[in-house]
Each structure stands twice: as C-alpha cells, then as structure tokens.
Amino acid sequence: DTAVSQTPKYLVTQMGNDKSIKCEQNLGHDTMYWYKQDSKKFLKIMFSYNNKELIINETVPNRFSPKSPDKAHLNLHINSLELGDSAVYFCASSHLDRGYGYEQFFGPGTRLTVL
Amino acid sequence: GESVGLHLPTLSVQEGDNSIINCAYSNSASDYFIWYKQESGKGPQFIIDIRSNMDKRQGQRVTVLLNKTVKHLSLQIAATQPGDSAVYFCAENMSAGGSYIPTFGRGTSLIVHP
C-alpha cells in the first residue's frame, strides 16, 4: 500500500548514458514533482507537473525531462548523464487546489551515481 | 539552528529536552509553510504546516511558530526522543499562476542523545 513509489532505488551508470527513473503514486493526487538532493542534503525542486501544466525550474538542464503517461505516473528521463548529476532524486505528489496549498508526499528516493 | 553556510547545521540535545529548530524564509509573498522530517535513507515526511493567517499551530509534541514580520519560522519539539533524530526542513510555498511552488530551506540535523 505504498503511497509514492520510485524505481530503481539505486542506479549506477557511466557518463554519457541515458537513464530513466520511474515514479508512481496511488493517492489520487493531481500534481507530481521531482526533486534533486545533493550530498549536503540541499533539496531543490526540478519540476512540478499536473495534467494541465508543467512548471520547470529554469536552472534544470534540458537533459532532464519529465514524462507523464497518466495522472498517477511521472517519470524522469535524463540524457547524456554527467558526473554532477550524481545525487538522490525524490518524486513527490500532492493535491492541488488553486489558491490553497497542500503538503507533499515523498517517495523513498533514487540514489543515482554517475561514474 | 538556521540553514546557512556550506555545512548542514546541527542541533544536539539530550533525550527529554525540548528542541527548537529555526528557519528563515526568503519570500514575503509565501503564504503556506510546512515542516518536514527526513530520516536517514528515506524521503521527507510531513510533520506540520501553517498558513500565513496564523502565527502558531500545535500538533502532537510539535509546535510551529510563524513570524511574518521577520520572515522566520520555528519548529518546537517537546520531550525530544531518539526517534526524532533526523534532518528537518522548512518549506515555503508561494502561489504562482495558481500552482504552489515550494522552496525548501537548507535543513537542520537534529541529534538526540539517549
């Protein structure tokens, strides 16, 4: 009965490769997010997405792209991986009522290591 | 401790003491604030939230205080337990075109000694 799940939990790959991280939520939420957490625990939002709009953090390289096949899934595709992409990536979801914020529910994280 | 500098601020307390974790937020237009707890190897977990029309909110053993004048948020944990050891984040949320965009603070590591 996991609320937000991510796969894989660990991902080790070579520079230059293309990889994907999958995320699924069974909470019926309409908004999903991707975050990057660096080695100093700094948590930075990368994308916010619902079925109507994608909000991108302008500092995210265009090698990163979210793909949402349906409301319950938001996958993260990363092209041409670089050493600096090594981090823990978290998926999250929340309700979204315009004009009224809600807390986010986070997945367990995917630790990406680029060699 | 506030989230400044390159290293994660750390607060060490004895079991049973009260803990206060501070957070300075950046945007005066932020109107919704959340405290999250992140245990080692896990994702952040919601603890308590507060909206800008309030200055205090209490939960079970936790209290959040909001001072909009100085853009300051604090989390008070009563009778701290070893299980409270984690990294704590404050998040400010601002409505942007109808969507809420969260910005997380630097985080504070709480260490509870038995």
Side-chain angles (χ1 to χ4, degrees), chain A residues 2-7 9-10 21 23-25 27 29-60 87-111, chain B residues 1 3-10 21 23 25-27 29-54 57 59 62 64 86-111:
Chain A
T2 304
V4 182
S5 59
Q6 295 177 229
T7 54
K9 187 166 178 61
Y10 299 97
I21 305 172
C23 178
E24 177 181 3
Q25 56 95 6
L27 297 166
H29 289 161
D30 46 23
T31 303
M32 297 182 74
Y33 311 81
W34 276 105
Y35 287 85
K36 178 181 181 181
Q37 187 171 48
D38 63 22
S39 58
K40 295 180 173 60
K41 296 292 188 181
F42 188 59
L43 199 60
K44 179 180 171 183
I45 190 167
M46 301 175 70
F47 304 101
S48 166
Y49 183 80
N50 63 30
N51 59 1
K52 295 181 181 178
E53 63 185 332
L54 171 66
I55 300 175
I56 302 172
N57 185 327
E58 63 276 6
T59 65
V60 175
V88 180
Y89 292 83
F90 287 100
C91 176
S93 71
S94 74
H95 289 297
L96 181 67
D97 181 355
R98 291 184 183 277
Y100 198 80
Y102 289 91
E103 75 270 20
Q104 297 176 15
F105 291 77
F106 284 80
T110 296
R111 181 174 293 277
Chain B
S3 302
V4 296
L6 298 177
H7 301 288
L8 194 65
T10 300
I21 300 171
C23 176
Y25 65 92
S26 58
N27 196 327
S30 294
D31 57 7
Y32 177 53
F33 305 88
I34 307 173
W35 279 101
Y36 290 91
K37 173 186 180 183
Q38 185 179 22
E39 296 176 85
S40 180
K42 297 183 179 180
Q45 183 179 20
F46 171 88
I47 302 174
I48 192 168
D49 60 0
I50 188 167
R51 300 198 181 272
S52 58
N53 60 353
M54 303 172 69
R57 190 164 189 219
V62 294
V64 55
V87 176
Y88 289 80
F89 294 94
C90 67
E92 58 178 304
N93 294 261
M94 185 185 70
S95 178
S99 297
Y100 266 79
I101 306 300
T103 301
F104 278 71
R106 201 69 181 88
T108 296
S109 176
L110 175 65
I111 300 172

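Just so we're on the same page: letters track the sequence lines, and every chain starts at 1.
Interface residue A:Lys9: only side-chain heavy atoms are found under 4.5 Å from chain B. If you measure heavy-atom distances from B:Gln38 to chain A, the contacts under 4.5 Å come from the side chain alone. Using a 4.5 Å cut-off between heavy atoms, A:Leu43 contacts chain B through both its backbone and its side chain. Both the backbone and the side chain of A:Phe42 have a heavy atom closer than 4.5 Å to some heavy atom of chain B.
Contact between B:Leu8 and A:Lys40 at its shortest, heavy atoms only, is CD1-O, 4.0 Å.
Without hydrogens or angle criteria, B:Tyr32 side chain to A:Glu103 main chain gives a donor-acceptor distance under 3.5 Å.
Ring centers of A:Tyr35 and B:Phe104: under 6.0 Å apart, within the cut-off.
Here the side chains of B:Phe46 and A:Gln104 are not in contact, with every heavy-atom distance at 4.5 Å or above.
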